Amino acid sequence: MNTRIGLIQGDITKMQTDAIVNAANSSLMGGGGVDGAIHRAGGPAILEECRMIIARQGSCKTGDAVITTGGMLPARYVIHTVGPVWNGGKKNEDEMLANCYSNSLKLALAHRITTIAFPNISTGIYGYPKREAAKVAVNIVSRFLETDHFLDKVHFVCFDEENHSLYKTLLQL
Ligand code: AR6
């Protein structure tokens, strides 16, 4: 059990952390699932900044992360990352998913963010098996925290009971 990792079942848009992470797509133009919920709750400022990012750098690649304001959300920032679409497991999905978490955490540190909340990236519309995704997420975040001493708390926010129970077991809570 790592006291710098928290587990919550609920809606990530309600999190009062410095940043919340969005499971976006490479266009950064919004979508369904958690992406839709974040844009709805955060308002148009987020989409406006996403547009500027796309104009500057082009699309956001799988595993990469970018940062915008949180708009009307309680969180100050939204870190948008693009998870892999599940393709059977032999297309480097695990590495790309791990990159989502580590690149989001690196970006958080660059902005002096100390509290951050992650959804279960790729486990909805993108079809990544929940158990496999949870193992990747817990491993990479735990490893990251071994060498980082700046972050206070990383929350995993699970929307559904199945993910919540998988994380509970993996985190030994
Ligand atoms: N708070 C926390 N978690 C949530 C919420 C919420 N409000 N709503 C859904 N989830 P998904 P993906 C969970 O489909 O699989 C979008 O259209 C959900 O139960 O949101 O990475 C994007 O634009 C699931 O466990 O993201 C992309 O096109 C997890 O969030 C595509 O979907 C991720 O599910 C990304 O697919």
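Throughout, numbering of the chain's residues begins at 1 and tracks the sequence. When a ligand or atom number is given, it counts from 1 through the structure's own listing order. Quantities reported herein were computed from a predicted structural model and do not represent experimental measurements.
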Item to check | ligand 1-proximal atoms of Asp160, by part, heavy-atom distance under 4.0 Å | outcome: side chain
Next on the checklist: Tell me whether Arg143 at atom CZ has more than 12 heavy atoms from other residues, nucleotides or ligands lying less than 6.0 Å away.
Outcome noted: no
Next on the checklist: Below a 4.0 angstrom heavy-atom separation, can you tell me which part of Ala23, side chain or backbone, both or neither, approaches ligand 1?
Outcome noted: both
Checklist entry - Under 3.5 Å between some N or O of ligand 1 and some N or O of Gly124? => result yes
Checklist entry - What's the spacing between Ile113 CD1 and Arg76 CZ if we round to 0.5 Å? => result 7.0 Å
Checklist outcome for this item: Residue, atom and distance of the protein heavy atom nearest atom 18 (C) of ligand 1 read Phe159 CB, 4.3 Å
Checklist entry - Going by heavy atoms, is Thr13 under 4.0 Å from ligand 1? => result no
Checklist entry - What protein heavy atom sits nearest atom 31 (C) of ligand 1, and how far away is it? => result Tyr126 CE2, 3.5 Å
Checklist entry - Is there a heavy atom of Ser122 sitting under 4.0 angstrom from any atom of ligand 1? => result yes
Checklist entry - So is Ile12 polar-close to ligand 1, meaning N/O to N/O under 3.5 Å? => result yes
Checklist entry - Contact between Gly10 and ligand 1, counting heavy atoms under 4.0 Å? => result yes
Checklist entry - Where is the nearest protein heavy atom to atom 30 (O) of ligand 1: which residue, which atom, and how far? => result Val34 CB, 3.9 Å
Checklist entry - Is the distance between the ring centroids of Tyr77 and His111 under 6.0 Å? => result yes
Checklist entry - Going by distance only, is there an N or O of Val157 that falls short of 3.5 Å from an N or O of ligand 1? => result no
Next on the checklist: Would Ile125 count as being in polar contact with ligand 1, using the rule that some N or O on each side must be under 3.5 angstrom apart?
Outcome noted: yes
Checklist entry - If you measure from the Lys or Arg side-chain nitrogens to the Asp or Glu carboxylate oxygens, is any gap between Arg112 and Asp18 under 4.0 Å? => result no
